[in-house]
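Okay, structure first, notes after.
Just so we're clear, the structure is a prediction, and the values are computed from it rather than from any experiment.
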Amino acid sequence: NKQLVRYVAGMVPDSEVELIDLNDYELPLFCEDLEREIGKPQAAADFLAKLGSGNAIIVSFAEHNGNYSAAFKNLFDWCTRQAGRDVYQNKPMLLLATSNGGRGGKSVLELATNASPRFGGDVRASISVPSFSENFDVERARVSNAEINQQLADAVKALIS
């Protein structure tokens with residue numbers, strides 16, 4: 001997912017891209033009891049500020065058991081406690097998912113595509129890249145499947161239009 005989002009972000013013309021790694025926003029597991037005890041963590045506020053500082057958001061979702069990764073869901077839950085339903089701050093979004101499986105993370109992508117607008121996301125496009133190791137040339141750091149590459153280029157156009 002990191003390789004895919006880096007590649008797609010590089011397709012955006014005339015842009016500065018900042019890749020955000022969820023591992024840089026380590027937080028305890030969210031629960032209301034803990035929130036009462038520790039308050040609102042700075043890491044969640046910092047993440048929200050990063051999202052707010054850009055003109056658009058491109059996310060590539062890892063799929064764990066057909067759902068969001070625990071790292072994403074936990075950070076997202078903490079963010080909703082600070083931003084409510086405005087986590088994505090009305091930014092245009094391009095949503096991606098990939099895996100080595102034939103569905104390419106479609107389950108989590110469907111969840112994210114349906115949920116993001118309820119949290120301030122202006123989803124312009126969503127693309128699943130199946131069989132990542134067969135469709136991505138790691139040495140060249142690019143999608144090797146021409147059809148998928150065109151779908152991604154079209155999605156980038158929708159993002160910036």
Side-chain angles (χ1 to χ4, degrees), residues 1-27 29-30 43-44 46-48 50-80 87-161:
N1 282 285
K2 194 180 291 187
Q3 291 172 311
L4 178 61
V5 79
R6 182 177 289 122
Y7 174 71
V8 172
M11 298 172 79
V12 180
D14 304 319
S15 66
E16 283 186 39
V17 173
E18 182 176 359
L19 293 176
I20 299 173
D21 188 332
L22 296 184
N23 294 313
D24 295 336
Y25 299 91
E26 193 171 316
L27 292 160
L29 288 176
F30 175 78
D46 293 346
F47 182 77
L48 288 165
K50 279 284 185 204
L51 292 181
S53 70
N55 295 325
I57 299 170
I58 302 173
V59 181
S60 189
F61 290 94
E63 183 176 276
H64 293 183
N65 298 317
N67 213 315
Y68 297 111
S69 70
F72 174 82
K73 181 67 168 84
N74 189 53
L75 176 56
F76 185 81
D77 287 345
W78 279 110
C79 287
T80 62
V87 171
Y88 298 119
Q89 303 166 53
N90 300 306
K91 304 287 182 181
M93 298 180 74
L94 169 53
L95 306 182
L96 308 167
T98 191
S99 73
N100 279 321
R103 287 183 39 83
K106 275 189 179 181
S107 294
V108 72
L109 188 60
E110 289 171 3
L111 287 170
T113 301
N114 290 329
S116 294
R118 292 192 302 270
F119 293 94
D122 176 11
V123 178
R124 303 281 177 90
S126 62
I127 304 286
S128 167
V129 177
S131 307
F132 184 75
S133 60
E134 295 173 23
N135 290 309
F136 193 87
D137 183 339
V138 175
E139 288 182 23
R140 292 183 168 166
R142 65 181 298 277
V143 170
S144 55
N145 180 302
E147 183 179 330
I148 293 171
N149 205 47
Q150 186 59 55
Q151 290 172 2
L152 293 169
D154 292 344
V156 167
K157 287 179 189 171
L159 176 68
I160 61 176
S161 64

| note | Heavy-atom closest pair (N90 atom, D122 atom, distance to 0.1 Å) is O-CB, 4.5 Å
| field | From NZ (K157) to CE (M11), nearest 0.5 Å | value | 9.0 Å
| How close do L75 and A44 get, heavy atom to heavy atom, and via which atoms? | CD1-CA, 4.3 Å
| said: Give me the atom names and distance for the closest heavy-atom approach of N23 to D21. | reply: N-OD1, 2.8 Å
| task | Give a yes or no on whether the backbone of S128 and the side-chain of Q151 come within a donor-acceptor separation of less than 3.5 Å. | result | no
| Distance-only, no hydrogens or angles: does the T98 side chain make a donor-acceptor pair with backbone N or O of G104 under 3.5 Å? | no
| Taking it one step at a time, do F136 and Y7 satisfy side chain to side chain contact (heavy atoms under 4.5 Å, CB included)? | CA-CA 10 Å; F136 193 87; Y7 174 71; 4.0 Å; yes
| field | pair I148-P130: side-chain heavy atoms closer than 4.5 Å | value | yes
| said: Using modelled atom types and a 3.5 Å cut-off, is there a donor and acceptor pairing between side-chain atoms of N74 and backbone atoms of F30? | reply: yes
| field | Pair E110-N114, side-chain donor/acceptor within less than 3.5 Å | value | no
| Is the shortest side-chain N to carboxylate O distance from D46 to K50 below 4.0 Å? | no
| note | CG of D137 to CG of N145, rounded to nearest 0.5 Å, is 12.0 Å
| task | Locate the shortest heavy-atom distance separating A56 from L159; write the atom from each residue and the value. | result | CB-CD1, 4.0 Å
| query | Does some side-chain heavy atom of F76 sit less than 4.5 Å from a side-chain heavy atom of F119? | reply | yes
| query | Looking at G102 and S131, what are the two nearest heavy atoms and their distance? | reply | CA-OG, 4.0 Å
| message | For the CD1 atom of I58 and the OG atom of S15, what is their distance to the nearest 0.5 Å? | response | 7.5 Å
| field | Q89 side-chain N/O to V87 backbone N/O, donor-acceptor pair under 3.5 Å | value | yes
| task | Answer yes or no: is there a side-chain heavy-atom contact under 4.5 Å between L94 and V12? | result | no
| said: Donor-acceptor pair, distance only, cut-off 3.5 Å: does the side chain of N100 make one with the backbone of S133? | reply: yes
| L95 vs V123 side-chain heavy atoms within contact, under 4.5 Å | yes
| request: Search all heavy atoms of G105 against all heavy atoms of A97 and return the closest pair with its distance. | output: O-CB, 3.5 Å
| field | Short side-chain to backbone donor-acceptor contact, R142 and N149, under 3.5 Å | value | no
| query | Taking the side chain as C-beta and beyond, is there a heavy-atom pair between C79 and L51 under 4.5 Å? | reply | no
| Between the main-chain N or O of A158 and the side-chain N or O of S161, is there a donor-acceptor pair closer than 3.5 Å? | yes
| message | Within this structure, what is the CG-CG distance for the pair D77 and L27, rounded to the nearest 0.5 Å? | response | 10.5 Å
| query | Taking N65 for the side chain and N67 for the main chain, is one N or O donor matched with an acceptor at less than 3.5 Å? | reply | no
| task | Answer yes or no: is there a side-chain heavy-atom contact under 4.5 Å between F47 and L22? | result | yes
| request: Taking the side chain as every heavy atom from C-beta outward, state whether L152 and L96 have any pair of such atoms under 4.5 Å apart. | output: yes
| task | Quick one: pull up OG in S53 and CD1 in I20 and give me the separation to the nearest 0.5 Å. | result | 6.5 Å
| If only atom types and distance count, is the side chain of Q3 paired as donor or acceptor with the main-chain N or O of V138 below 3.5 Å? | no
| said: Let me confirm one number: the CG-CZ distance from L19 to R6, rounded to the nearest 0.5 Å. | reply: 5.5 Å
| task | For residues F72 and F61, establish whether the separation of their ring centroids is below 6.0 Å. | result | yes
